Asker: 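The structure follows.
Everything numeric here is computed off the predicted structure, so don't read it as measured data.
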Amino acid sequence: MKRVVVTGMGVVTPIGIGVSAFWNSILQNRVGIDVIQNFDTTDYKAKLSAEVKDFNVKDYLEPKAAKRMDRFSQFAAVAAKEAMEDSGIDVKEEDSYRLGVSIGSGVGSLMGIEREYDKLLAKGPGKIHPLTAPLILGNMAAANVAMMYGFQGKCIDVVTACATGTNSIGEAFRSIQHGEADVILAGGVDSSVSRFGVASFQALTALTTSEDPLCASIPFDKRRNGFVTGEGAGVLVLEELEHAKKRGAHIYAEIGGYGATCDANHVTTPLEDGSAAARAMTMAMEDAGVSPEQVDYINAHGTSTVYNDMYETRAIKRAFGKSAYDVHINSTKSMIGHMFAGGGAVELITCIQSIMESYIHPTVGLMEDDPECDLDYTKGEGIHVPVNIAISNSLGFGGHNATVLVKKYMD
């Protein structure tokens, strides 16, 4: 098997655009949750979201190209642009068929669908935007990124709800491991803080009704009562090790293992015993040749819903045994909300930053312990400790479970 490393990273998040701005916000425990700005919430019980602030696409992309993308695709393109510039890859020196894209979106453009559907009802079918179809399709984030750089290898849009970003990275990892590509831009993106999107999750009673941004997304806290919708993108440059070394690339970390399973149980509720999610973690550790005792840090899915946090805790206990009480855990969603497909990718980037900076951020807002969630969720303040091996978990509606293990690069 070929070894796979990370040589570039890019993000668009509710607490910063660009990895440096994002990480500085992480260090400040900044919460990116506020009153929904995208639409009038008068008739909604859910009032809060984690929206990307001060995003002017013209600051990042050529205006003509940006016009042919809806918001979610723009996020992916901006994150990919940062990751590519960070990696220093000269596309002209590469075989374009050895360069791929694996950027998934869970829902595509709900905002675009709403916008054009409103036009359809008000003015008739002849008035919707002529590019409506390619603007709203979920695969267009990956397609637009491929077109930006002329990547002609594998270009896929994995769709596994909230596990999308993590599955996308895992499948890219496998492709490079098996020699299908030298470089793959991998990650996830979503932008669905829309009337219909929020109404849909509200109807499931999945969203918090808190109106206090600091007490809304509080994973593992006994006061939690639902997640906060978010938006954004995370993209990583995954590269075959020898290819990276040959061009003198800076290597951030190594992808060590990947596990994916399905609860095959319920459309929204995870398995109560956490067995399938545990198996994904175990598979990732076995893939990397790592024992539970060697894992320093888990970036949990940690959505702040009652059942997700409880069942993920049970999954960690099942996968890690006695070591479950020794491993450091947190949830980045306490600051960025639930970015859906973008979440897993940004959370893996958080793991990589933690490895490089020897720092694990707190689960912000966690104050009241839940007896059912009795592990170390990094309550209060962040901790400065060596992080050599970390795993990122993502769990999606439909029972999708995905885990990626990342470790400090050692030549």
Side-chain angles (χ1 to χ4, degrees), residues 4 6 9 11 72 76 79-80 83 100-108 138-143 145 153-178 180-181 184-190 192 232-238 255-265 267-268 270-271 276-288 298-303 308 312 315 319 332-333 338-352 390-406:
V4 182
V6 178
M9 300 186 292
V11 301
F72 82 107
V101 180
S102 177
I103 297 176
S105 172
V107 294
N139 71 295
M140 294 309 292
V145 169
K154 176 181 286 187
C155 182
I156 56 174
D157 168 28
V158 176
V159 184
T160 50
C162 307
T164 293
T166 301
N167 277 133
S168 295
I169 294 165
E171 296 303 316
F173 166 63
R174 282 281 184 264
S175 290
I176 296 174
Q177 266 192 323
H178 287 278
E180 294 180 346
I184 297 182
L185 280 164
V189 60
D190 265 318
S192 56
V235 176
L236 301 90
V237 176
L238 302 193
I255 306 295
Y258 169 51
T261 63
C262 183
D263 290 346
N265 175 64
V267 292
T268 58
L271 279 171
R279 183 62 177 271
M281 286 183 263
T282 300
M283 290 169 66
M285 289 186 283
E286 291 176 348
D287 193 24
I298 299 171
N299 192 300
H301 188 57
T303 61
N308 175 91
E312 187 176 10
T332 307
K333 291 183 180 69
H338 197 341
M339 289 170 51
F340 304 107
V346 171
E347 287 153 17
L348 186 65
I349 288 171
T350 303
C351 288
I352 294 169
I391 68 173
S392 178
N393 286 336
S394 293
L395 317 177
F397 280 177
H400 304 286
N401 307 298
T403 298
V404 170
L405 183 148
V406 64

Asker: To check you understand the geometry: which heavy-atom pair defines the closest contact between Asp157 and Asn139, and what is its length?
Answerer: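 Minimum heavy-atom contact is OD2-N, 3.2 Å.
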Asker: For the CZ atom of Phe340 and the CZ atom of Phe397, what is their distance to the nearest 0.5 Å?
Answerer: 8.0 Å
Asker: Please assess Leu348 against Thr166 for the test side-chain contact (heavy atoms from CB on, under 4.5 Å), listing each intermediate value before the final yes or no.
Answerer: CA-CA 8 Å; Leu348 186 65; Thr166 301; over 6 Å; no
Asker: Counting C-beta onward and ignoring hydrogens, is there a side-chain heavy-atom pair between Leu405 and Met285 closer than 4.5 Å?
Answerer: yes
Asker: Compare every heavy atom of Asp190 with every heavy atom of Gly106, then report the nearest pair and how far apart it is.
Answerer: N-OD2, 3.0 Å
Asker: Tell me the closest heavy-atom pair linking Ala79 and Val235, and the distance in Å.
Answerer: CB-CG2, 3.8 Å
Asker: For Ala142 and Ile156, which heavy atoms make the closest approach, and how far apart are they?
Answerer: CB-O, 3.7 Å
Asker: Kindly write out the residues that satisfy side chain to side chain contact (heavy atoms under 4.5 Å, CB included) with Thr303, not counting sequence neighbours, or none if the list is empty.
Answerer: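 Partners of Thr303 under the side chain to side chain contact (heavy atoms under 4.5 Å, CB included) test: Phe227, His301, Thr305, Asn308, Asp309, Lys333, His338.
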Asker: Measure the shortest side-chain to side-chain distance between Val404 and Ile255 over non-hydrogen atoms and say whether it is less than 4.5 angstrom.
Answerer: yes
Asker: As an exercise, state the distance from CD1 of Ile103 to SG of Cys155, rounded to the nearest 0.5 Å.
Answerer: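 Interatomic distance, Ile103 CD1 to Cys155 SG, rounded to 0.5 Å: 8.0 Å.
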Asker: Over all heavy atoms of both residues, which pair between Gly398 and Cys262 is shortest? Give the atoms and the distance, please.
Answerer: O-SG, 3.6 Å
Asker: Can I get a per-line list of side-chain donor-acceptor pairs under 3.5 Å for residues 168-175, giving both atom names and the distance, sequence neighbours left out?
Answerer:
from, atom 1, to, atom 2, distance (Å)
Ser168, OG, Gly104, N, 3.4
Ser168, OG, Thr164, O, 2.8
Glu171, OE2, Tyr258, OH, 2.7
Arg174, NH1, Gln177, OE1, 2.8
Arg174, NH1, Asp287, OD2, 2.9
Arg174, NH2, Tyr258, O, 3.3
Arg174, NH2, Asp287, OD2, 3.1
Ser175, OG, Lys154, NZ, 2.9
Ser175, OG, Glu171, O, 3.1
Ser175, OG, Glu180, OE1, 3.1

Asker: Give the minimum heavy-atom separation between Ser192 and Val107, together with the two atoms involved.
Answerer: CB-CG2, 3.8 Å
Asker: Would you indicate whether the side-chain heavy atoms of Thr350 and Ile352 approach each other to under 4.5 Å?
Answerer: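 No - every pair of side-chain heavy atoms lies 4.5 Å or more apart.
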Asker: Measure the spacing between CE of Met140 and OG of Ser105 and express it to the nearest 0.5 Å.
Answerer: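 Result: 12.0 Å between the selected atoms.
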Asker: Taking atom types as modelled, is there a side-chain donor on Asn299 or Thr332 under 3.5 Å from an acceptor on the other?
Answerer: yes
Asker: Is Asn401 reaching over with its side chain to a backbone N or O of Gly399, donor-acceptor style, under 3.5 angstrom?
Answerer: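 Checked: pair present.
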Asker: Hey, are the side chains of Ile184 and Val101 touching, using non-hydrogen atoms and a 4.5 Å cut-off?
Answerer: no
Asker: Check whether any side-chain heavy atom of Thr403 lies under 4.5 Å from a side-chain heavy atom of Met283, and answer yes or no.
Answerer: no
